[in-house]
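Data first, discussion second: the structure below is written as structure tokens.
Values below: every heavy atom of this structure, side chains too, minus hydrogens, waters and symmetry copies.
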Amino acid sequence: MVHSETFNQYEDKIISTTSATFGLLRKELISNLGMKRAKAFLLRYGWNLGVANAKEVLRNPAGLEEMLGKGGLLHLQTGQISKMVSERTLETDENGEVVYIFATGKWIDSFEVKEHLKNHGLSNYPVCHTLAGLGSGFTSMITKRKVFLKEVKCRAMGHDECCYEMRLEEEWHDDTEMLEEMQLYKESSFIDELNYTYEQLLDQKNYIEKVSTFHDTLTTKLSEGHSIEEVINTVSQTLDIPVTIEDLNFQARLYVGIEQETYDTLNADFLSYISRTRSGKIQSAAYDKTFIIRGKLHNRLVTPIVVQNQTIGYMTFIYTDKSIKLEKDLMFLQRAASSAAIYFLTEKASIKGVENIKGYFLEQLLLKQYSSKSNIIYRGYYMGIDLKEQYYIASLQFSSDHRDTSNIEFHDQVIQSITRYLDMQSYQILITQFESQIVMLLPKVNELNFKLENILSHLNNQFRLVNFRIGISNESDSIDNITESLEESQIVLRINNQDQIVFFENANIIGTLINSKNMSTIRRKAQKELQPILQLKEVKRDELLKTMYVFLMNGGNLQQSISDLSLSMSGLMYRISKIEKLLNKELRNPIAAYELLLMLDALKILGDIDVS
């Protein structure tokens, strides 16, 4: 049988408290219990209210339809809505037992919607939990069957009205969402909820106290002057977790609580999950906040170490047991990273002074402004550098189409970045700004090329849109050769203008023949022979020098030279004729061609001409 009813004739509403007061209670429940538990409480509260109302109705028994009809009236009398429209289908057996019930309806002006929008704004889910619980509890009590009401549309979600459906418990069997909601009616009492909340708050209090004690311990370690290794060892022992500090390329500066072989295996697993650009560079911008990596072999909790608004590295907690919840250690990791940042900030202040001393010291070495070799070696010990051991001189070259790389401020930033990075690697070097470039003295170490690649990768991450290249001298074992080593590092960058890292030992033979002892002789010889061209106006001079260089490099091949220079045959022949006339030499003569090419290469390496 189908029954329709409309309730709109009641104006005086009887409520036990104001809707605003209930809304405040509702807000506090959500804030303290969370949305799901607050919903469970409101559903059960509504259910119990509905059951209590049903018991009042059952004191004066009447027909089933009549008693069910009084449910809507109760909504209105309590001020929960201003109007209710419903349509119900009810079937009973010969004994009057309910065998089927289905209803649809809508609530007008739900007080729960009003309070939710005021306190929380729009919702992703229906919010009329008290109304749903009341209807479910009232109907279940009257019909003596488990009946549940589900809100299917809600104005708190942006819908035009609040609508519901009502069915027997078993009729919801194919609705996963409703099955989950019905479980909320079966949960613990409000006292249990309060106990649960209290336990959570107590756990949280204990957790905060533990974190605070942990932070105080690390701060004490720092104030007592302990090293970063000792601080990290304290972190690892306190939490019983392997801990690492890594650079911007996620290469370990130090690790505690884990063997190197295990670390290397796990780090390979970790790096396979790191986001990279197409060129293979790490997308550092994606890791400026705490993040979690779940690998095949282990999980990691990682947070950046930030000094003066700049990420200088990362701190990592390593978990080989993948069932452990990483989030529980989040605050510990962040406190540990903060302590590390304080350590590096303090160290930076002292390093800055040491940097200046080391920079001035290297400048003295390059200018050979020292009284004796023994004295300078003795001073080197205090800089952490043994000048009796083998070393390299490196020249760092940089250029950019997007920023000024010639100013002193940029040079200082680069020097500080390299120093801070290598300090994390425990690799002591000397570095300074010398004659508008950056020069480094690098003690000989294993895997030097790997360290240089990491330095460039670090610089590329920090200084976007700047191209860096490093020229490396031959290995030297005497500080007396430092000037020659500097020249080698500069020459090799001019010989090879393609690769990012260039070693002098791989330079062509012309480069290896040039050194400080014969440089002036070679320059004078080359300038004398090429004087008729060098004295021309700049545009004509460069045009003829490049033509001659390309032609000689191609072994006199006209077609290849035409292609490389983008000239016509007549244009190329005209220039060759002009060159031969000025120099009084035949470019096709093997001896003359060989000498001229050597001279051009020499001037190119010395930086006197540009024929690229």
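Atom CD of Q369 has more than 12 neighbouring heavy atoms from other residues, nucleotides or ligands inside a 6.0 Å radius. Atom NZ of K27 is surrounded by 12 or fewer heavy atoms from other residues, nucleotides or ligands within 6.0 Å. Counting heavy atoms of neighbouring residues, nucleotides and ligands inside a 6.0 Å radius, atom OH of Y273 exceeds 12 of them. Taking a 6.0 Å sphere around NZ of K388, one finds it holds 12 or fewer heavy atoms contributed by other residues, nucleotides or ligands.
With rounding to the nearest 0.5 Å, the separation of OG1 in T234 from CG in L239 is 10.5 Å. The distance from the CG atom of L301 to the CG atom of L326 is 5.5 Å, given to the nearest 0.5 Å. Rounding to the nearest 0.5 angstrom, the gap separating the CG atom in L396 from the CD1 atom in I455 is 9.0 Å. In this structure, I293 CD1 and T316 OG1 are separated by 10.0 Å, a value rounded to the nearest 0.5 Å. Put simply, CZ on R464 and CG on L459 are 12.0 Å apart, with the number rounded to the nearest 0.5 Å. Atom CG of L387 and atom CG of L441 lie 6.5 Å apart (nearest 0.5 Å).
Residues A341 and V307 approach most closely at O-CG2, 3.7 Å, considering heavy atoms. Here the closest non-hydrogen pair linking A337 and P304 is CB-O, 4.1 Å. Among all heavy-atom pairs drawn from V127 and A156, the shortest one is CG2-CB, 3.5 Å. When all heavy atoms are compared, the tightest approach of A336 to L218 is CA-CD1, 3.7 Å. I482 approaches L362 most closely through the heavy-atom pair CD1-CD1, 4.2 Å. Heavy atoms only, all atoms of each residue included: Q251 and N454 are closest at CG-ND2, 4.2 Å.
Looking at S236, its side chain does come within 3.5 Å of a backbone N or O of I241 through a donor-acceptor pair. Remark: the backbone N or O of I501 is not paired with any side-chain donor or acceptor of R469 at under 3.5 angstrom. Judged purely by atom type and a 3.5 angstrom limit, S417 has no side-chain atom pairing as donor or acceptor with the backbone of Q413. Checked by atom type and distance alone, the side chain of N467 never pairs as donor or acceptor with a backbone atom of S400 at under 3.5 Å. K322 places a side-chain N or O within donor-acceptor distance of the main-chain N or O of G295, the cut-off being under 3.5 Å. A donor-acceptor pair under 3.5 Å is absent between the side-chain atoms of N233 and the main chain of E229, judged by distance alone. A donor-acceptor pair under 3.5 Å is formed between the side chain of N407 and the backbone N or O of D404. Without hydrogens or angle criteria, D247 side chain to N249 main chain gives a donor-acceptor distance under 3.5 Å. Not one N or O on the side chain of S457 forms a donor-acceptor pair closer than 3.5 Å with the backbone of E453.
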Problem set entry | CA sep, side-chain torsions, deciding dist, call: V502, I472, side-chain contact (heavy atoms from CB on, under 4.5 Å) | CA-CA 6 Å; V502 192; I472 308 296; over 6 Å; no

For this session: Evaluate salt bridge (Lys or Arg N to Asp or Glu O under 4.0 Å) for E475 paired with K444, printing each intermediate quantity in order.
Result: CA-CA 8 Å; E475 178 185 318; K444 183 180 179 181; 3.3 Å; yes

Exercise. Under the side-chain contact (heavy atoms from CB on, under 4.5 Å) criterion, do Y391 and L442 qualify, and how do the steps go?
Worked result: CA-CA 6 Å; Y391 68 90; L442 307 174; over 6 Å; no

For this session: Could you check I305 against T311 for side-chain contact (heavy atoms from CB on, under 4.5 Å), going step by step and ending with a plain yes or no?
Result: CA-CA 6 Å; I305 300 172; T311 299; over 6 Å; no

Exercise. Given the rule in the side-chain contact (heavy atoms from CB on, under 4.5 Å) test, do L122 and M157 qualify, once you have shown the distances and angles that lead to the verdict?
Worked result: CA-CA 6 Å; L122 284 174; M157 298 174 65; over 6 Å; no

Exercise. Going through the checks in order, is the ring-ring contact (aromatic ring centres under 6.0 Å, His included) test met by Y392 and F503?
Worked result: CA-CA 10 Å; Y392 301 87; F503 287 87; 7.0 Å; no

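Every side-chain contact (heavy atoms from CB on, under 4.5 Å) that H226 has, sequence neighbours left out, goes to K221, E224, E230. When the ring pair (Phe, Tyr, Trp, His ring centres under 6.0 Å) test is applied to H298, no partner is found at least two apart in sequence or on another chain. Evaluation of the side-chain hydrogen bond (donor to acceptor under 3.5 Å, both in side chains) rule for K39 yields E181 as partners, not counting sequence neighbours. Listed by chain and number, the residues in a side-chain hydrogen bond (donor to acceptor under 3.5 Å, both in side chains) with H129 amount to none (sequence neighbours excluded). Residues that satisfy the side-chain contact (heavy atoms from CB on, under 4.5 Å) test with D480, not counting sequence neighbours, are Y370, K373, S478. Applying the side-chain hydrogen bond (donor to acceptor under 3.5 Å, both in side chains) test to K210 and every residue at least two apart in sequence or in another chain returns nothing. Looking at residues two or more places apart in sequence or on another chain, you find a side-chain hydrogen bond (donor to acceptor under 3.5 Å, both in side chains) between T290 and T303, Q334. Evaluation of the side-chain contact (heavy atoms from CB on, under 4.5 Å) rule for R276 yields L271, I282 as partners, not counting sequence neighbours. Applying the salt bridge (Lys or Arg N to Asp or Glu O under 4.0 Å) test to E28 and every residue at least two apart in sequence or in another chain returns nothing.
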Do any side-chain atoms of residues 258-266 form donor-acceptor pairs under 3.5 angstrom with protein atoms, and if so which ones, sequence neighbours left out?
unit_1, atom_1, unit_2, atom_2, d
Y263, OH, E246, OE2, 2.7
Y263, OH, N267, OD1, 3.4
T265, OG1, E261, O, 3.1

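Residue pairs meeting the ring-ring contact (aromatic ring centres under 6.0 Å, His included) criterion with at least one member in residues 421-443, sequence neighbours excluded, are Y421-H458. Pairs of residues two or more places apart, or lying in two chains, that qualify as ring-ring contact (aromatic ring centres under 6.0 Å, His included) and include a residue from residues 303-342 are Y207-F332, F214-F332, F250-Y314.
Under the 30°/60° scheme for interplanar angles, the aromatic rings of H411 and F398 are found to stand perpendicular.
Ion pairing between a basic and an acidic side chain is recognised when a charged N comes within 4.0 Å of a carboxylate O; E112 and R26 show such pairing.
When only modelled atom types and interatomic distance are considered, S489 and S395 share a side-chain donor-acceptor pair under 3.5 Å.
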